[in-house]
Amino acid sequence: MLDLLVVGAGFSGIYMLQRARALGLRALALEAGGDVGGTWYWNRYPGARCDIESLEYSYGFDEALQQEWHWSERFAAQPEILRYAQHVADRFDLRRDIVFRVRMAGASFDEASSSWQVTADGGRSWQARHLVMATGPLSSANLPDIPGRDSFAGPVFHTGQWPHEPVDFTGLRVAVIGTGSSAVQSIPVIARQARELTVFQRTATYSVPARNRPLDAAQEADVKSHYADFRARNAQTMVAFGASYPRNDQPVRQATPDDREAAFERRWQIGGLNFLGAFGDLLTDSGANQFAAEFVRHKIRAVVRDPATAERLMPAQPIGCKRICVDTAYYETFNLPHVRLVDIAGTGIEAIEPGGVRVAGCLHQVDAIVFATGFDAMTGSLLKPDIRGRGGLSLRDKWQAGPLNYLGLSVHGFPNMFTVCGPGSPSVLTNMLVSIEQHVRWITDCMVWMREQGKNGIEAETDAEASWVGHVNAVAGATLFPSCNSWYLGANVPGKVRVFMPLLGFPAYVQKCDAVAAQGYAGFHLA
Ligand code: N01
């Protein structure tokens with residue numbers, strides 16, 4: 001029997017394998033893709049790029065690794081991040097314990113042996129003491145069920161399932177559906193190739209310029225001279241990144257109008273997600289938020305020449321309530337004569353027909369469609385396989401009213417199963433690499449502790465998970481996050497239960513996890 005079976009060989013899965021092996025645990029990973037990389041294996045759409053700076057979006061667990069790897073840009077593009085994941089797999093010889101092109105079908109917990117029986121499509125199966133779901137919070141593609149979707153005569157793409165061979169849009173009329181991060185990144189690149197580009201927008205988005213550039217050699221050398229310290233400082237911020245641009249805690253109304261504009265402008269010029277750190281109350285006070293929102297709307301008006309298009313691009317929801325996007329020439333792209341914006345707020349898309357996309361009775365003729373429609377976030381990939389815990393309890397039934405777990409790590413009724421960056425943990429509200437490393441360390445330390453203590457079962461207690469979900473929602477409730485239809489709430493997937501899934505605040509979460517472990521895994525039942 002394996003000590004652990006890991007599902008997924010993205011950044012979570014490969015570090016889980018590396019650390020398990022280093023601790024003398026027998027581990028195997030299953031991966032649906034043909035190689036490591038997870039998100040960065042699947043999301044090969046044009047323009048795909050990280051919105052966390054490269055020097056931060058990388059592992060810190062191995063000093064030699066972080067010294068030897070060189071990033072070429074401030075924000076790395078998908079091919080480079082995928083090469084990094086492959087380098088890590090090579091360096092630690094991880095592929096020998098990964099079964100590729102195998103998709104988990106289901107898993108069931110056997111009480112007698114206190115172990116999991118995991119099955120894959122095609123009938124193969126494995127037995128393991130622990131099941132670790134390292135399936136990623138944004139990996140289950142959301143392909144909307146639009147009438148006639150499958151009748152389209154041309155090629156159809158989803159940004160999260162992009163083909164491996166190059167896609168050439170030259171001479172084609174292309175539709176992009178959606179205006180989230182994937183769309184904001186791909187639209188300017190697709191526009192450079194396509195004969196015509198029509199963007200179908202349901203909700204206008206806030207985007208801040210990336211101001212991407214080649215990585216500065218002096219900055220790289222400086223960070224590498226004290227990398228552990230650099231990472232520790234980042235991990236102490238709420239979002240586990242961006243300590244180089246510290247948040248100004250001052251409330252926005254305490255600044256004079258000139259100082260306010262100057263603070264926003266400074267961050268706009270720096271570029272990237274740190275924009276919302278300009279003042280301390282932008283995500284907690286809707287009046288304060290309006291100042292930042294209006295600053296961005298003003299920028300959109302200044303860039304987009306056609307006033308009607310500029311008006312349609314103006315977001316109305318609080319800024320930051322949906323994850324803000326980071327772009328290179330997104331708004332500028334709408335000044336190109338062959339790019340059009342179709343507002344589908346209120347109407348939605350009526351139908352997809354062989355020749356194009358119909359909205360409010362009007363057929364927009366296109367040759368190719370790109371769905372940039374996001375993911376069934378946080379729970380999608382955990383609920384796709386049929387996972388059955390104690391007494392045959394199904395995870396889908398258990399989570400009918402939303403994900404219920406403790407620390408985003410463990411579910412009552414599902415002993416010895418851990419989720420890496422699961423709902424209820426900070427995950428998507430942080431630098432994912434930092435959250436992944438914290439979870440992997442906590443989970444593997446727990447397994448080693450169990451081995452030393454002669455325990456063979458661990459599972460969250462019901463009280464602990466009920467109060468944890470209450471805590472996650474109370475923390476979010478004190479902010480503007482639950483106030484719009486975001487994927488954090490599951491609002492992007494029709495029929496999905498609305499519950500705020502990620503936890504805000506990385507440092508307090510780490511403290512809680514450490515305290516739980518120090519108290520002999522308080523809130524967990526051990527067998
Ligand atoms: O997905 P999204 P994404 N008809 O859900 C629209 C990370 N990421 O892939 O807003 C028409 O954000 C939907 O409209 P609405 C990052 O965390 C990071 O872009 O729901 N439209 C929205 O406009 C990000 O937040 C990076 O009204 C429909 C869009 O499709 C997360 O992944 C890059 C529709 C989906 O936007 C997800 O980003 C890419 C329908 N039926 C992704 N259904 C970086 O590191 C949905 N939409 C930079």
Side-chain angles (χ1 to χ4, degrees), residues 38-40 42-54 56-57 74-78 81 136-147 149 157-162 175-187 189 199-210 212 239 241 271-273 313 315-317 320-328 330 341-352 357-359 369-378 380 421 427-433 435 481 484-496 501-502:
T39 285
W40 303 102
W42 299 104
N43 285 261
R44 297 167 186 244
Y45 60 84
R49 187 179 289 286
C50 193
D51 57 6
I52 306 283
E53 298 196 17
S54 316
E56 297 188 47
Y57 193 85
R74 179 186 185 195
F75 296 107
Q78 174 270 332
I81 305 175
L138 294 163
S139 49
S140 177
N142 171 39
L143 194 59
D145 194 11
I146 297 169
R149 187 189 68 198
F157 306 92
H158 187 286
T159 47
Q161 295 175 334
W162 203 261
V176 173
I177 300 176
T179 52
S181 297
S182 303
V184 160
Q185 290 186 330
S186 56
I187 283 168
V189 184
V199 176
F200 295 87
Q201 170 188 277
R202 187 165 73 177
T203 309
T205 194
Y206 293 96
S207 189
V208 174
N212 189 31
V239 289
F241 67 86
L273 293 171
L313 285 166
Q317 70 277 12
C321 157
K322 287 174 182 249
R323 187 183 173 99
I324 57 172
C325 302
V326 174
D327 73 281
T328 300
Y330 174 63
L341 181 68
V342 176
D343 189 352
I344 56 166
T347 61
I349 292 172
E350 193 179 321
I352 291 180
V357 179
R358 185 173 290 279
V359 174
I369 299 179
V370 175
F371 282 91
T373 44
F375 302 91
D376 180 356
M378 309 215 68
C421 294
S427 66
V428 292
L429 294 174
T430 65
N431 175 354
M432 283 295 294
L433 267 283
S435 279
F481 276 99
C484 66
N485 292 326
S486 69
W487 56 257
Y488 298 134
L489 275 166
N492 62 325
V493 175
K496 191 166 173 176
M501 293 179 283

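Atoms within each ligand, like the ligands themselves, are counted from 1 in listed order. The figures here come from the full heavy-atom set of this structure, side chains too, leaving out hydrogens, waters and symmetry mates.
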Peer 1: Evaluate the salt bridge (Lys or Arg N to Asp or Glu O under 4.0 Å) criterion for residues Asp343 and Arg202: first the C-alpha distance (whole Å), next the side-chain angles of each, then the deciding distance (0.1 Å), finally the verdict.
Peer 2: CA-CA 6 Å; Asp343 189 352; Arg202 187 165 73 177; over 6 Å; no

Peer 1: Can you pull every nitrogen or oxygen pair between ligand 1 and the protein closer than 3.5 angstrom?
Peer 2:
from, atom 1, to, atom 2, distance (Å)
ligand 1, 9 (O), Ser182, OG, 2.6
ligand 1, 10 (O), Thr203, OG1, 3.4
ligand 1, 10 (O), Lys322, NZ, 2.6
ligand 1, 17 (O), Arg323, NE, 3.3
ligand 1, 19 (O), Ser181, N, 2.9
ligand 1, 19 (O), Ser182, N, 2.8
ligand 1, 19 (O), Ser182, OG, 3.3
ligand 1, 20 (O), Arg202, NH2, 2.9
ligand 1, 23 (O), Thr179, N, 2.9
ligand 1, 23 (O), Gly180, N, 3.4
ligand 1, 25 (O), Trp487, NE1, 3.0
ligand 1, 27 (O), Arg202, NE, 2.8
ligand 1, 27 (O), Thr203, OG1, 2.5
ligand 1, 30 (O), Ala372, O, 3.3
ligand 1, 43 (N), Arg202, NH2, 3.4
ligand 1, 45 (O), Arg49, O, 3.2
ligand 1, 45 (O), Asp51, N, 3.1
ligand 1, 45 (O), Asp51, OD1, 3.3

Peer 1: Does Gln317 reach the main-chain N or O of Cys484 with its side chain, forming a donor-acceptor pair under 3.5 Å?
Peer 2: no

Peer 1: Run the ring-centre check on Phe157 versus Trp162 and record whether the distance is less than 6.0 Å.
Peer 2: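 Yes, close enough.
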
Peer 1: Start with the C-alpha gap between Tyr488 and Arg323, add the side-chain angles, then the distance that decides, and say whether side-chain contact (heavy atoms from CB on, under 4.5 Å) holds.
Peer 2: CA-CA 9 Å; Tyr488 298 134; Arg323 187 183 173 99; 3.2 Å; yes

Peer 1: In sequence, state the C-alpha distance, the side-chain angles, and the governing distance for Arg49 and Val326, and then conclude on side-chain contact (heavy atoms from CB on, under 4.5 Å).
Peer 2: CA-CA 9 Å; Arg49 187 179 289 286; Val326 174; over 6 Å; no

Peer 1: Could you pull out all residues at least two apart from Arg44 that satisfy salt bridge (Lys or Arg N to Asp or Glu O under 4.0 Å)?
Peer 2: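 So Arg44 forms no salt bridge (Lys or Arg N to Asp or Glu O under 4.0 Å) with any residue.
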
